[in-house]
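Working notes, beginning with the structure itself.
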Protein chains: 2
Amino acid sequence: MDKQTITIYDVAREASVSMATVSRVVNGNANVKPATRKKVLDVIEKLDYRPNAVARGLASKKTTTVGVIVPDVTNMYFASLARGIDDVATMYKYNIILTNSDSNGEKEVNVLNTLLSKQVDGIIFMGNEITDKLREEFKRTKTPIVFAGSVDEQNIYARVNIDYTAAVQEEVKNLIDRGNKRVAFVCGPLEQAINGQFRLKGYKQALKSAGIPYDDKLVFETDDTYKTGTLLQPALMSVNATAAMVTDDELAAGIMNGMSDAGVKVPDDFEIITSNDTKLTEMVRPKMSSITQPLYDIGAVAMRLLTKLMHNEPVDEKDVLLPYGLMKRESTK
Amino acid sequence: MDKQTITIYDVAREASVSMATVSRVVNGNANVKPATRKKVLDVIEKLDYRPNAVARGLASKKTTTVGVIVPDVTNMYFASLARGIDDVATMYKYNIILTNSDSNGEKEVNVLNTLLSKQVDGIIFMGNEITDKLREEFKRTKTPIVFAGSVDEQNIYARVNIDYTAAVQEEVKNLIDRGNKRVAFVCGPLEQAINGQFRLKGYKQALKSAGIPYDDKLVFETDDTYKTGTLLQPALMSVNATAAMVTDDELAAGIMNGMSDAGVKVPDDFEIITSNDTKLTEMVRPKMSSITQPLYDIGAVAMRLLTKLMHNEPVDEKDVLLPYGLMKRESTK
DNA sequence: GATTTAACTGAAAACGTTTTCAATTTGCTG
DNA sequence: CAGCAAATTGAAAACGTTTTCAGTTAAATC
């Protein structure tokens, strides 16, 4: 009546060998006589035996599961990374436990602890503001961690990103070269190092190279949402900005639609460049010019890196930078 | 040197009680004297003991983990469901193992088996074409399964959806009432029951009520992608369609942009209505009218239903239909 | 064919919990 | 304060694997 499970012991008995031998064939251990292997395999087939991964995890101290902490899967940027992660995880026989943190420090700590209690073999973290408390928790564990599409300004953790500073600098330079004297920098929370340090730095460098003084009235700190973007047009106009470097695609789409709705022509009256190159950039009209990032690859490479860490393989570079590009579409001249 | 872990045995010794007692206080069992509980709690705090979920899983046969099979997290529709699932999972102390199947029957079977070997307590499945092989695998397990946003034409599995047939019928009726004699039905793969049976049925019913003969030249079976949508304009024009009922938002956005690019005005020359009400509908211009679905809730309710199944609580209705709505935006007159 | 060596196999101890069942305490009752 | 029920506790057996170590068998050498 009850869920009767076939255990390794059952197949051992049926094949007249020991559990150890069954375990060996299941794990592909070479030290088994071919004839024995075949016999065991046949019984496994016949009994439809499936190894219990939990018991395996307890005995071997490996769960072949990795934890993935993401601010919100509903955000295309993170969804793309997550997809890359899952694909290479699958490739290496891992599964992922996916958890949404809403970039909330407390949730991040909780979630991290549950993942660790579940004995994940590794963790991929996304999120750009690392609270002290979180760093402390990270430090307490020996479980390998890699950041994906997320900077670590303390240079401690393995991570894979693009060079946000250079990319922003380059794009802002282009904007300036095209005659824009006042280009706005519209970003997510500045406490997030990726904005407040890396990207803002690129923005400032571009201004400096062009001999334009930095004006903090031109930087707009937002919550990265579409809705907020749609409301920004008046503020942007009031500081006489003629272009904007935006750090999130949905936010950028909001700004662009807000402009259009207010009769401001993009790109003729206002140029917009965005940062994540999600498919949204192509769906919106005009299509948005963007920094291109290999989103899927960032996730994929992060996961690959994590496998190396988990298997104690040597890694040459803990801070991997993937190439970025610049895709001109219709929101810039 | 080695990752020295504190076990339940360590705290038992330190608190001079038995493992059983420690286990009791960890699990909130009531039969522990308050003084003892406090003593144990103090030691747990002091030693920073964290229960090993794997060992727990082996002993109790519960992993507090559920498997989630999704075609592709990168699709906003599924990402929204997944978010709803994760949130209520967290609420009930579960974690989710998220796997992408690409709606590929073989992958689905593989993934299902890994999930089962990992002893997940339940499974949430998304995907609309259930191969015989997959059904067979489903049947073999006693692990509860619920479908989210996915139909089961055999009425076997617990599932939560909206009434796709009624929703489509209603919208097509509106299109017809507004004077469209030839409305196209543009959908994903017809093998998927949600399209080939439920939605198509609604389309046909609407035609029938209006006394319009069904013309299969007006149904366009696609792969649900944006790209495909952008290429559909000529075909749609060649059959003299003046409106389209589309089953996917990205696809619909593609069609709309394809129309606009070809100089066909939406909605004046061509009306479009889509089906999933993802945030994309608002980002695109003109904004797309859509059937509204409580995406997040579908996921949330599915997960809630699964918890009941996992805890052997009675469930009154295995086929839950959530309310849908119709949101008129700018792609219809 | 006797030795030596390499290949294969099995017994049993982990792994860190939960859970059953019996034993011990404690609190009441009269 | 004996007697009994209820509340607490602990011992030990699961749970289903992996892994170590010793033993056994087969192959190779002379």
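Order of the sequence lines sets the chain letters (A, B, ...), proteins ahead of strands, with each chain counted from 1. These numbers come from the heavy atoms of this one structure, side chains and all, not from hydrogens, waters or symmetry mates.
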- Item | Integer-rounded Å distance: D:dT9 C1' and B:Asn27 CG | 16 Å
- Query: Between atom CD1 in B:Ile8 and atom P in D:dA12, what is the gap in whole Å?
  - Reply: 17 Å
- Query: Considering heavy-atom distances to DNA chain D, does A:Ala55 or A:Ala20 have its closest nucleotide positioned more toward the 5' end?
  - Reply: A:Ala55
- OP1, OP2 of D:dT9 versus side-chain N and O of B:Ser18: anything below 4.0 Å? no
- Query: Which residue lies toward the 5' end of DNA chain D, B:Leu58 or B:Val32, if each is placed at its nearest nucleotide?
  - Reply: B:Val32
- Message: Please report the distance, rounded to the nearest Å, between CG in A:Asn29 and C1' in C:dG10.
- Response: 14 Å
- Query: With a 4.0 Å cut-off on heavy atoms, is A:Val17 in touch with a base, just the backbone sugar-phosphate, or nothing at all?
  - Reply: sugar-phosphate
- Answer with base, sugar-phosphate or nothing: what part of the nucleic acid does A:Asn52 contact at a heavy-atom distance below 4.0 Å? sugar-phosphate
- Query: With a non-hydrogen cut-off below 4.0 angstrom, is B:Ser60 in contact with a base, only sugar-phosphate, or nothing?
  - Reply: sugar-phosphate
- Query: Between atom CD in B:Gln119 and atom C1' in C:dT18, what is the gap in whole Å?
  - Reply: 16 Å
- Determine the contact category for A:Val54: base if any of its heavy atoms lies under 4.0 Å from a base atom, sugar-phosphate if only primed atoms, P, OP1 or OP2 are that close, otherwise nothing. nothing
- Message: Looking at A:Asp319 and A:Arg159, is there a salt bridge between them, counting it only when a charged N and a carboxylate O are closer than 4.0 Å?
- Response: yes
- Query: Can you say whether the rings of A:Phe125 and A:Phe138 are parallel (under 30°), tilted (30 to 60°) or perpendicular (over 60°)?
  - Reply: perpendicular
- Send over the distance from B:Lys33 NZ to D:dG10 P, rounded to a whole Å. 10 Å
- Considering just the side-chain nitrogens and oxygens of A:Thr36, establish if one lies under 4.0 Å of OP1 or OP2 belonging to C:dT9. yes
- Task: Let me know the distance between CZ of A:Arg37 and P of C:dA7, rounded to the nearest Å.
- Result: 15 Å
- Query: Taking C-beta and beyond as the side chain, do A:Lys62 and A:Gln119 meet within less than 4.5 Å on heavy atoms?
  - Reply: no
- Within less than 4.0 Å of OP1 or OP2 of D:dT17, is there a side-chain N or O belonging to A:Tyr49? yes
- Listed nucleotide nearest any side-chain atom of B:Asn31, set D:dT18, D:dG10, D:dT8: D:dT8
- Item | Note: B:Glu317-B:Lys308 ion pair, threshold 4.0 Å (strictly below) | no
- Task: Ignoring the backbone of A:Thr21, work out which of C:dG10, D:dT8, C:dT18 is nearest its side chain.
- Result: C:dG10
- Got a salt bridge between B:Asp132 and B:Arg135, using NZ or NE/NH1/NH2 to carboxylate O under 4.0 Å? no
- With sugar-phosphate meaning primed atoms plus P, OP1 and OP2, does A:Ser23 contact a base, only sugar-phosphate, or nothing at under 4.0 Å between heavy atoms? base
- Item | Under 3.5 Å donor-acceptor, A:Thr7 side chain and A:Tyr9 backbone | yes
- Of the candidates C:dG16, D:dT18, D:dT8, the side chain of A:Ala59 sits closest to D:dT18
- Task: Round to the nearest Å and state the distance from B:Ile6 atom CD1 to C:dG16 atom P.
- Result: 11 Å
- Assert: residue with more 5' nearest nucleotide on DNA chain C, out of A:Arg24 and A:Met19, is A:Arg24
- Query: Nearest-Å distance, NZ (B:Lys118) to P (D:dC15)?
  - Reply: 23 Å
- C:dT17 OP1/OP2 closer than 4.0 Å to side-chain N/O of B:Lys61: no
